[in-house]
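Beneath this line is the structure, given in structure tokens, with notes to follow.
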2 protein chains.
Amino acid sequence: MPKKRILPYIILGILDQNPGSTGKFITNQFKNEIGEFWKASHSQIYPELKKMVEDDWIKQTSDSNNEKEKYYHLTNLGKEKLNSWIDIPITALPVVEDLFSLKLFFIQDPHDPRISTLVNKQLNLLEEQLDHLNDREKMLFNTQEKRSKNYGHYLILERAISRLDNQIKWLKTIKQC
Amino acid sequence: MPKKRILPYIILGILDQNPGSTGKFITNQFKNEIGEFWKASHSQIYPELKKMVEDDWIKQTSDSNNEKEKYYHLTNLGKEKLNSWIDIPITALPVVEDLFSLKLFFIQDPHDPRISTLVNKQLNLLEEQLDHLNDREKMLFNTQEKRSKNYGHYLILERAISRLDNQIKWLKTIKQC
DNA sequence: CGCCCCATGTAATAGGTTACATGATTAA
DNA sequence: TTAATCATGTAACCTATTACATGGGGCG
């Protein structure tokens, strides 16, 4: 009856790319590129890791030097789960929650002064994020080798940038009306 | 502590544009344009309407011919709530849940055959939706008058189309690599 | 030795999804 | 009149968010 669970699969994917990650590292992944496509906070992640260990999707190791940090790795079962999840066909469109567009929707009069306020603030917000992503792109993928080494990572960063760019261009066309 | 409530504000916006809507009508709004920017199902909406009546954000009337259908209208308090909500500055970026991009992210090898399968299926999905939105645009906004009469509605439909178009173009560039 | 910071972890609570239920209207 | 359909409504359950809690490590 509840919503379909997908957080554990994303964690599997992160661990597949970064064996031995800590919970903190996984949390940070959601603050960077992955956050453009899925959100999760540390208070979801830690219990989920615990559950995944119980289910033998991942295993946990620790370092004698640092009792506190725990390192996670995929098990064979986890690898299977990840791969079969990736192969499940996607039938639903991406889901977007966009308060800005909704507010715009509710203002019916083309000359309502609130439109330009809304648009300008949104432009600032989006341009700031675009700068941030452009910086990351320059830092992470400045050579062809780096791009093909982490191709998936490169792709979704490009995707996020393209998406933002499209939003910004569209907003600028509104301003002129 | 829980997530910030925004569903009632969206319902206010819908009722502002369509006084006398039924729960069914509101539910359908979420299946069309609004659904591109926020999701809600009827099992959320009916209890919410009840609560909003109790809080005097909206009032309910009914038709003697049809006992079953209930019609909702904004109260003055509701109008105030809607307007002050629209004026609250937006500080967070739109939230996206996009399984396709995530799966792409987890495939690191540029030559992995699963990439083209994923991409082709996603292209079909997106193009189908684009056709649907283009049809709606032609039907709803084929004259300048219609566009300025429901400007907000027009804007977000354009936004949704532009966004889809951007996704599709980007996917096609991947295919060539 | 003691303080603060930070990674990890937990609790409380509301939000959202799926499935099921009801009762009036419509159509055969 | 009866069956089916459809709008409305409810229930159970899980997810996610925010806030709070803990305890080791590092640094003074």
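Letters A, B, ... mirror the listed sequences (proteins, then strands); counts begin at 1. Both backbone and side-chain heavy atoms feed into the values below; hydrogens, waters and symmetry mates do not. Remember, predicted model here, so these are calculated numbers, not experimental data.
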Charged N to carboxylate O below 4.0 Å: is that the case for Arg163(A) and Glu36(A)?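 Looking at Glu36(A) together with Arg163(A), the answer is yes, because their closest N to O distance falls below 4.0 Å.
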Ion pair check, Lys172(B) and Glu127(B), cut-off under 4.0 Å: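 Yes, charged N to carboxylate O under 4.0 Å.
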To the nearest angstrom, how far is [X] atom [atom1] from [N] atom [atom2]?
{"X": "Ile45(A)", "N": "dA16(D)", "atom1": "CD1", "atom2": "P", "answer": "11 Å"}
{"X": "Glu97(B)", "N": "dA16(D)", "atom1": "CD", "atom2": "P", "answer": "8 Å"}
{"X": "Leu7(A)", "N": "dT17(C)", "atom1": "CG", "atom2": "P", "answer": "17 Å"}
{"X": "Leu49(A)", "N": "dT10(C)", "atom1": "CG", "atom2": "P", "answer": "12 Å"}
{"X": "His42(B)", "N": "dC20(C)", "atom1": "NE2", "atom2": "P", "answer": "13 Å"}
{"X": "Trp38(A)", "N": "dT15(D)", "atom1": "CH2", "atom2": "C1'", "answer": "11 Å"}
{"X": "Tyr46(B)", "N": "dG15(C)", "atom1": "OH", "atom2": "C1'", "answer": "19 Å"}
{"X": "Met52(B)", "N": "dT8(D)", "atom1": "CE", "atom2": "P", "answer": "15 Å"}

Do the ring centers of Phe30(B) and His42(B) come within less than 6.0 Å of each other?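 Ring-ring flag for Phe30(B)/His42(B): false, centres at least 6.0 Å apart.
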For the [atom1] atom of [X] and the [atom2] atom of [Y], what is their distance to the nearest 0.5 Å?
{"X": "Asp16(A)", "Y": "Ile86(A)", "atom1": "CG", "atom2": "CD1", "value": "7.5 Å"}
{"X": "Ser62(B)", "Y": "Lys70(B)", "atom1": "OG", "atom2": "NZ", "value": "8.5 Å"}
{"X": "Gln29(B)", "Y": "Lys24(B)", "atom1": "CD", "atom2": "NZ", "value": "12.5 Å"}

So if I take residues 14-34 of chain A and measure heavy-atom distances to DNA chain D, which residues fall below 4.0 Å?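 DNA chain D contact set from residues 14-34 of chain A: none.
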Of the nucleotides dG9(D), dT18(D), dT8(C), which one has an atom closest to the side chain of Ser41(A)?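 When the side chain of Ser41(A) is considered, dT18(D) is the closest of dG9(D), dT18(D), dT8(C).
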What nucleic acid atoms does Lys39(B) come within less than 4.0 Å of, heavy atoms only: base, sugar-phosphate, or nothing?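 Lys39(B): no heavy atom of the nucleic acid under 4.0 Å.
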Do any side-chain nitrogens or oxygens of [X] fall under 4.0 Å of OP1 or OP2 in [N]?
{"X": "Lys4(B)", "N": "dA14(C)", "result": "no"}
{"X": "Lys50(A)", "N": "dT8(C)", "result": "no"}
{"X": "Gln44(A)", "N": "dT15(D)", "result": "no"}

Using modelled atom types and a 3.5 Å cut-off, is there a donor and acceptor pairing between side-chain atoms of Asn83(A) and backbone atoms of Lys79(A)?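 Such a contact is found between Asn83(A) side chain and Lys79(A) backbone.
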Check: dT18(C) base within 3.5 Å donor-acceptor of Ser43(B) side chain: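 When only heavy-atom distances are counted, Ser43(B) does reach the base of dT18(C) through a donor-acceptor pair under 3.5 Å.
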